[in-house]
Amino acid sequence: MSRWLERFRPYLMVAPAIIVFVLFFIYPIGYMIYLSFHEWDFISPDKQFVGLDNFAGLSEHPEFLKSLENTFVFTFFSVGITTVLALLLALWINRPTRFYGFVQGAVFSPHIISLVSIAMLWMWLMDPQYGLLNWGLEMFGLPQSEWLASPETALYSIILVAIWKSIGFNTLIIIAGLQSIPPHLYEAAALDQSSRFTSFAKITFPMISPTLFFLIIMNLIGSFQVFETIDIMTQGGPLQSTNTLVYYIYEYGFRFFQLGYASSAGVILLIVLSILTVLYFFLMSRRVHYQ
Amino acid sequence: MKTSRFALKGLNVLGLLIVIAIFATPFVWMAVTSVKSLSETITFPPVWIPETIRFENFALAWDSGPFLRYFVNSLIVTLSILVLQLFTIVPAAYAFARYRFFADRVLFALTMITLMIPTQLIFLPVYLQFSSWGLLDTHLALILPFAANAFAIFMLRQTFKQVPEELLEAARLDQASEWKIMYMVMVPMAKPTIITLLLFSFITHWNDYFWPLVMTTTDASRTLPVGISALTNVEGGVAWHIMMAGNMILVVPILIIFFIAQRHIIRAFVYTGVK
Amino acid sequence: MAEIRFENVKKTYGEDTIIPDMNMTIKDGSFTVIVGPSGCGKSTTLRMIAGLETQTEGNIYIGDRLVNDVSPGKRNVSMVFQNYALYPTMSVKGNIEFGLKNRKVPKAERQKLIEEVAEIVGLTPYLNKKPQKLSGGQRQRVALARAMVKKPDVFILDEPLSNLDAKLRQQMRSELVQLHAKLGTTFVYVTHDQVEAMSMGDEIVLLDQGEIMQMAPPLDLYNYPANRFTAQFIGTPPMNLVSVDQLPSAGFSEKAVEQIGFRPEKAKLRHFPGNDQFSMPCTILNRETLGSEIIYQLDTFAGKLYAKTFNEPVVDDEQLVVSVNNEDIYYFKENGRCIAPYLNRETPIKVRSTV
């Protein structure tokens, strides 16, 4: 009896978690793939098998293509700019004093605030008529912007908010990476009369590059899922200029009840995320270990 | 020489103050707006100090919807998730860290795959699932999918693995049962990690907007972020002062907690981010 | 109290055989030290006694009880670990009490037992402290107290002193010996340090590659090494060995002698050859003056040798003769077995032919 228990104990211990994962993550993924080959409006009793028709339809659907393009633009700029700025900021504010600690806290603070509040706050800041941002532009003698109200600037406004929200988190991760570099490396470099730039290029950058890689991939995965700011600030508009992949899935699934279409778009998101995940594990397995 | 160094230092401090301003000004502006009158919000250039401080904005925001209900819902959902996670994560992480069993690799791989699946990907099928179970618009729909957390299992497993084998052997010689070893020896040692993970979980689910938006249809189960978002179309027009007052209710407590426990919270996020 | 008996015990990890075939009896109430180079299987042996490892074949008895299938907690064995393995989240008292609680010892009795052992090891003022607040020596005492409080049949210690500094180690050595005398329980002690083994044990088990090279009291091990391995392992510097081929006028009566050996401390440095059977010219390569003793490294035509002198003036001359009394010479056969004809003794211990 006790031997029997001994053998099954590990299974009993992992069972609750595994049940949750299978029920709410693994099975739904399978169901989504299944739906992507069918046409269904959620109300009619039977689902009609349509093969790859949904995917073919998506490839000709301008709204979907626009959302895909927007997602890539959003990802490219938000991840690129966030990473570069965070690296510079991290090198700058990585000091142990109280004042620098306060700066770090301030930079990080948007990360713990709900995106709902951040989105609403920035809507107000970006108000074309009475917003603080236009007031600031005017003070410096710059032309005002339409921000979210114009199809030309709306997506970039959302990118700005994304950068503002995530830069602090990125900065602190890089700071943690910087602090894990053993100080004796710098001492040795100082004895070798290495310049500050050489120290950065030969010690700092190689030592934190694994951290940067992971940060970039995590940011990529995160930015492909952008939804909250879009839903609250623009709802995909104006003129589809801020429609993204997840928002497209949400609209087609929940507003227009075209579950086949929505699921197919979901499968495409799944493919993109899988590629990034494989890349992530590939880098993890090849992660450079120093010393 | 000396003066230029002095100037550089001054420039550095100025730069830092600008950085602080970039992140603090929006919150300050939120606070200022939340006590303005409607007419003061629609002037250009903007007014920085309102004529009278109108605290009644908060009451107006609070009364514009069943905010007490939202608050209670948020509390029920978040706390239930934390408690359930505690009961699923600890044994699973322990088993993955300490036992070799027939399917351990397969099950662990499954956990890692889950780690990579965002809710934005699975909401449609899960929605259909909950609708067939009649669970839509209930607390359970907001709680159950998050009753376990792959990421937390992964982190806690790492922590458990770092506990020296000798300690377990000592406990075995002390005639402790496997169950007792887990909760008397291992869990107390992993307490900092567990607290960090719970803090992380709390902030994530307290702030979550997407999942409750998708899974709820009535105020009976809506949470605070969803409720607050409804302020965008209060009274038909834009009432920035009421919107900001409502968000102040959501933001200020979190900011206060943040600046009190800043070090711990930052560590929780950085720690869970670095891996 | 109990003796421990190994009967044809074999231990393998996959392809690797750690212990091929072990037979031994550790005497009841003895202080037995298992010593050997790293990887010789001494820790595995110890862990099999504790039940933390299970032997692949064979039987282990503690007292009269066959313990093959008895779990570690039920063997009535206490163990002191190298890194102490104190529960960091429990106080000193909690650490000592944990095992008693698991055995469902009533509270009043627990209290009494804890006070008792705390008194013996001098921990009474620290009972409510956490282990991290204690010094290395105090942690060691907590580990001892935790082991003692269970009143075990066998006390197992796995290199318990290796984390202490030299001075404290010396002190703990004698404390452990006194503790053993007081408790009278069987102690099994593992170390890689021959000095520790010689100074503490009343019985030493010398292991190499999972085989018992010799099991004997310390002085027997020193005086009557059974084989080349024992002879070289015990004593610093190790015993000098000279191949017979390199001695032109050997003339040994004993057949199949491959090497002769002598301890550095038995070598004499002279200016002229004496009447000893063994003497050869040498030059001094190096001197280590350690105070009361001096260690010389010598170069001879038969290779490098060591000599050790006590309370004698430093020899300055470069050209000398090293000689050894006949009765201080050991002879080693091809199979590594040692013969000491003048001691009239050949220890009947199994010798591995590959040595």
Side-chain angles (χ1 to χ4, degrees), chain A residues 9-11 13-14 16-18 20-21 24-26 28-29 31-32 35 89 93 103-117 120-122 124-125 129-130 132 135 168-169 172-173 176-177 211 214 218 225 227-228 231-232 246 249 253-254 259 262-263 266 269-270 273 277, chain B residues 16 19-20 23-24 26 29-30 33 41-46 88-89 91-92 94-96 99 101 107 110-111 114 116-118 120-122 124-126 129 144-145 147-148 150 153 178 203 207 209-210 225 228-229 232 240 243-244 247 250-251 254-255 258-259 262 265-266 269-270 273-274:
Chain A
R9 185 200 310 279
Y11 293 98
M13 290 171 95
V14 298
I18 296 293
V20 170
F21 294 152
F24 298 109
F25 289 88
I26 306 296
I29 289 282
Y31 190 50
M32 182 181 78
L35 278 183
L89 200 56
I93 64 173
V103 178
Q104 289 174 16
V107 173
F108 183 79
S109 58
H111 194 72
I112 54 153
I113 302 299
S114 172
L115 263 171
V116 174
S117 298
M120 288 166 86
L121 171 56
W122 279 85
W124 170 219
L125 291 169
Q129 271 178 291
Y130 312 112
L132 201 61
W135 175 70
F169 173 69
L172 281 157
I173 298 265
T211 310
F214 292 117
M218 272 169 62
Q225 302 160 23
F227 175 84
E228 283 91 341
D231 185 50
I232 291 168
V246 172
I249 301 171
F254 276 58
L259 293 179
S263 298
L269 179 59
L270 174 69
L273 293 180
T277 305
Chain B
L16 290 171
V19 170
I20 293 176
F23 289 91
W29 191 238
M30 177 190 262
T33 309
T41 62
I42 46 172
T43 52
F44 198 86
T88 57
I89 287 164
Y94 185 79
F96 282 133
Y99 296 119
F101 49 102
L107 294 178
L110 193 125
T111 307
T114 308
M116 294 298 163
I117 302 174
Q120 276 88 339
L121 198 53
I122 43 129
L124 256 185
V126 175
Q129 221 171 326
L144 287 180
I153 291 177
E178 291 295 308
I203 293 176
N207 284 339
Y209 169 71
F210 178 70
I228 294 273
S229 77
T232 39
W240 292 113
M243 257 169 73
M244 290 302 115
N247 279 298
L250 193 63
V251 167
I254 294 249
L255 276 185
F258 176 62
F259 278 100
Q262 183 187 337
I265 292 176
I266 287 184
F269 277 86
V270 170
V274 179

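All heavy atoms count here, side chains included; hydrogens, waters and symmetry mates do not. Chain letters run A, B, ... following the sequence lines, proteins first, then strands; residues in each count from 1.
Both the backbone and the side chain of B:L121 come within contact range of chain A, judged by heavy atoms closer than 4.5 Å. Of the atoms belonging to A:I112, heavy atoms from both backbone and side chain fall under 4.5 Å from chain B. With a 4.5 angstrom heavy-atom cutoff, A:L273 touches chain B only via side-chain atoms. Both the backbone and the side chain of B:M30 come within less than 4.5 Å of a heavy atom of chain A. For A:V14, the parts lying near chain B are the backbone and the side chain together; criterion is any non-hydrogen pair under 4.5 Å. B:I254 touches chain A through backbone and side chain together, each having a heavy atom under 4.5 Å away. Residue contact with chain A, scored on non-hydrogen atoms closer than 4.5 Å, involves the backbone and the side chain of B:T41 alike. With a threshold of 4.5 angstrom between heavy atoms, A:Q225 approaches chain B through its backbone and through its side chain. Heavy atoms of B:Y99 lying under 4.5 Å from chain A belong exclusively to its side chain. Both the backbone and the side chain of B:L144 have a heavy atom closer than 4.5 Å to some heavy atom of chain A.
Panel note: side chain B:S229, backbone A:V116; no donor-acceptor pair is recorded below 3.5 Å. A:Q104 contributes no side-chain N or O that, together with a main-chain N or O of A:L172, makes up a donor-acceptor pair within less than 3.5 Å.
Counting heavy-atom pairs closer than 4.5 Å to chain A, the top-ranked of the candidates B:V251, B:V19, B:I122, B:L107 is B:I122.
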